[in-house]
Amino acid sequence: MLKAMEQPRPDAKLERILATVDSIPPGRVATYGQVALEAGLPRRARLVGSALANLGQGSEIPWHRVVGSPGRISPRPGPGVHRQRQRLLAEGVEVSATGKIDLERFGWRPG
DNA sequence: ATAATGACTTTCA
DNA sequence: TTGAAAGCCATTA
């Protein structure tokens, strides 16, 4: 028998991560580490980044609501940073020209 | 199995 | 306050 089909869902973790990101309310932002923690995966901040990087264009996931620990949009190649800033501004989140966000005011607080 | 990589985080100068 | 260095860990090569 082929065990090629019985994959133990490598995506299971990513599913949880994406679900968590999807639960971030509009006008709020969460850090990568925070998302990982909420998804039940402590210390997996980088995995969250990978998951988002893997998203297609047409994804419904609000990836723009995820930022780095200091409340700053994580630098990356491409126009992603700019688009993220635009989307956040459109939601009413104050983003400085350098991509800084006040987590005290716009940080997501689960619970 | 070993090594390199990355949308991260924390620590230290 | 800023920037470099090390720590972390699943995914890829």
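All chains are named by letter (A, B, ...) in the order of the sequence lines, taking the proteins before the strands, and each is independently numbered beginning at 1.
The separation between A:R43 atom CZ and C:dA6 atom P is 20 Å, rounded to whole Å. Straight-line distance from the CD atom of A:E38 to the P atom of B:dC8: 20 Å, rounded to whole Å. Atom NZ of A:K13 is separated from atom C1' of C:dC9 by 9 Å (rounded to the nearest Å). Computed from coordinates, the A:K100 NZ to C:dG3 C1' distance equals 16 Å when rounded to whole Å. Atom pair A:L41:CG and C:dC8:P shows a separation of 18 Å (rounding to whole Å applied). Rounded to whole Å, atom P of B:dT9 lies 12 Å from atom CG of A:L37. For A:L18 and B:dA7, the CG to P distance is 16 Å, given to the nearest whole Å. Rounded to an integer number of Å, the gap from A:R85 CZ to B:dA7 C1' is 18 Å.
OP1 and OP2 of B:dA7 both lie 4.0 Å or more from every side-chain N or O belonging to A:S74. Close to C:dC8, at under 4.0 Å from its OP1 or OP2, lies no side-chain N or O of A:R46.
Side chain of A:A45, nearest nucleotide from B:dT9, C:dA10, B:dA7: B:dT9. Relative to the side chain of A:R76, the nucleotides C:dG7, B:dT9, B:dA7 differ in distance, and B:dA7 lies closest. The nucleotide whose nearest atom lies closest to any side-chain atom of A:L47 is, among B:dT9, C:dC9, C:dA10, C:dA10. The side chain of A:Y32 has B:dA7 as its nearest neighbour among C:dC9, B:dA7, C:dT11. Residue A:S69 has its side chain nearest to B:dT9 when only B:dT9, B:dA7, C:dA10 are considered.
Smallest separation of non-hydrogen atoms from A:Q34 and A:P110: NE2-CD, 3.6 Å. Heavy-atom minimum distance, A:H64 versus A:L88: O-CD2, 3.4 Å.
At a threshold of 4.5 Å between side-chain heavy atoms, the hydrophobic network of Ile, Leu, Val, Met, Phe, Trp and Tyr places A:W108 and A:V93 in two separate groups.
The closest donor-acceptor contact from the side chain of A:R16 to the backbone of A:A36 lies at 3.5 Å or more, if one exists at all.
Using a 4.0 Å heavy-atom distance criterion, A:G68 is classed as a sugar-phosphate-only contact.
To the nearest 0.5 Å, atoms CD (A:E91) and CZ (A:R87) are separated by 9.0 Å.
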